[in-house]
Amino acid sequence: MISYIKGTVVKKGLDFVVIDNNDMGYFVNTSLSSLNKLCEGEKATILTYMHIREDIIALYGFLTADELELFRKLISVNGIGPKAGLSVLSTYESNTVKEIIIKEDVTRMSKVPGIGKKTASKVILELRDKVGVMDGTVADTGGTGIFGAECESSDVLNALISLGFNSYEAKKALDKIDVAGKSENEIIKEALKNINRQV
């Protein structure tokens, strides 16, 4: 497996570069961030990920280990293929992607071409803790609402999930509620209204 390619940039495209290594040209799909730092005719070292399917073998490459690792995390989410992962990293810098995930900013994530609101929520839900650890920081799960880590197994949260909502939608809806003095039924009803507003 190719882990990196070192050579001369002979061509730049909209989302790829061709690297000449010992008279062999490697076509490498890359992000806009990495692409902007590369110049034709100059030497470069590209860290790569090889994607293998029955009908294709493709190389995806980045200039930093951080961007490559984030790409690997993105494509680990079911429904996010290499093209979608590359689209995320071409829309935002890697640090911005991490910030979006940690802050659970579905709106900004869903602005990525090919990433809808449901997929954006899924990416955030699955990578929130992983990105925090990978970045050397811990995501802020505090706050004054019920959307804290201590409420993961709450009866209200479980009730909403049993109604068919994913945990991300449920927790965001609950976070907007002042639960003081309210019964579980009242909280659930208010949460359902919040979820309907999000859709």
Side-chain angles (χ1 to χ4, degrees), residues 1-139 168:
M1 182 175 291
I2 300 172
S3 58
Y4 72 91
I5 297 173
K6 188 174 183 179
T8 303
V9 179
V10 295
K11 182 176 177 59
K12 287 175 58 176
L14 293 176
D15 56 1
F16 70 89
V17 291
V18 177
I19 304 290
D20 174 37
N21 176 273
N22 293 326
D23 294 325
M24 182 173 287
Y26 291 87
F27 185 99
V28 184
N29 300 280
T30 190
S31 68
L32 188 60
S33 176
S34 288
L35 195 64
N36 287 338
K37 297 170 186 173
L38 296 168
C39 296
E40 291 185 3
E42 293 188 358
K43 298 282 186 181
T45 299
I46 309 291
L47 303 175
T48 58
Y49 168 83
M50 182 179 288
H51 180 64
I52 302 175
R53 288 191 333 202
E54 292 180 2
D55 56 340
I56 192 171
I57 297 176
L59 280 176
Y60 293 82
F62 308 92
L63 286 177
T64 67
D66 187 53
E67 194 172 17
L68 175 61
E69 184 64 19
L70 185 53
F71 175 76
R72 289 177 180 273
K73 295 291 185 185
L74 286 166
I75 64 176
S76 72
V77 178
N78 187 31
I80 298 292
K83 287 187 178 180
L86 201 62
S87 184
V88 173
L89 292 170
S90 289
T91 304
Y92 301 110
E93 294 279 346
S94 57
N95 283 337
T96 303
V97 174
K98 293 178 186 179
E99 179 185 351
I100 288 170
I101 292 172
I102 290 172
K103 292 184 176 180
E104 303 179 358
D105 194 337
V106 176
T107 300
R108 291 177 73 190
M109 182 61 76
S110 61
K111 288 181 180 179
V112 175
I115 303 291
K117 196 169 184 180
K118 286 186 177 180
T119 304
S121 297
K122 190 173 186 180
V123 169
I124 288 170
L125 180 64
E126 292 192 24
L127 297 186
R128 186 170 181 267
D129 294 336
K130 294 178 183 178
V131 165
V133 172
M134 188 176 69
D135 195 35
T137 60
V138 177
Y168 174 80

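Every heavy atom of this structure was used, including side-chain atoms; hydrogens, water molecules and symmetry mates were not. For this chain, numbers begin at 1 and follow the sequence in order.
Remark: D55 CG is packed, more than 12 non-hydrogen atoms of other residues, nucleotides or ligands lying under 6.0 Å away. In K83, the NZ atom is not crowded: 12 or fewer heavy atoms of neighbouring residues, nucleotides or ligands sit closer than 6.0 Å.
Using a distance-only test at 3.5 Å, with no hydrogens or angles considered, a donor-acceptor pair links the side chain of S121 to the main chain of K117.
Contact detail for K43 and T8: the closest heavy-atom pair is NZ-OG1, 3.4 Å. When all heavy atoms of Y60 and V28 are compared, the pair lying nearest together is C-CG1, 3.9 Å. When every heavy atom of S34 is checked against every heavy atom of F62, the shortest pair comes out as OG-CA, 3.6 Å. Looking at every heavy atom in both residues, T45 comes nearest to K6 through OG1-CG, 3.4 Å. The shortest non-hydrogen separation linking S87 to P113 is OG-O, 3.0 Å. Listed here is the closest heavy atom pair of R128 and I102: NE-O, 3.5 Å.
For the pair N78 and K122, the minimum side-chain heavy-atom distance is below 4.5 Å. Under the 4.5 Å side-chain criterion, counting only non-hydrogen atoms from C-beta, I46 is not in contact with L59. Residues V10 and I19 form no side-chain contact, since every pair of their non-hydrogen atoms from C-beta on lies 4.5 Å or further apart. For the pair F16 and K11, the minimum side-chain heavy-atom distance is below 4.5 Å. Counting heavy atoms from C-beta on, the side chains of L74 and L127 come closer than 4.5 Å. Using a 4.5 Å heavy-atom threshold, the side chains of D66 and K98 count as touching. Counting heavy atoms from C-beta on, the side chains of E99 and Y92 never come closer than 4.5 Å. Put simply, the side chain of I115 does not reach to within 4.5 Å of the side chain of T91, judged on heavy atoms.
Atom OG of S90 and atom CG of N36 lie 9.0 Å apart (nearest 0.5 Å). For the atom pair OH (Y26) and CG (D20), the distance works out to 10.0 Å, reported to the nearest 0.5 Å. Rounded to the nearest 0.5 angstrom, S110 OG and K118 NZ are separated by 13.5 Å. The CD1 atom of I52 sits 11.0 Å away from atom CD1 of I56, with the distance rounded to the nearest 0.5 Å. The CG atom of L70 sits 11.0 Å away from the CD atom of E93 when rounded to the nearest 0.5 Å. With rounding to the nearest 0.5 angstrom, the CG atom of L89 is 9.0 Å from the OG1 atom of T30.
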Do R108 and T96 pass the side chain to side chain contact (heavy atoms under 4.5 Å, CB included) test, and can you show the C-alpha distance, the side-chain angles, and the key distance before you say yes or no?
CA-CA 10 Å; R108 291 177 73 190; T96 303; 3.3 Å; yes

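Aromatic ring orientation, F71 versus Y49: perpendicular (interplanar angle above 60°, classes split at 30° and 60°).
Among I80, V88, V131, the single residue meeting the side chain to side chain contact (heavy atoms under 4.5 Å, CB included) criterion with V123 is I80.
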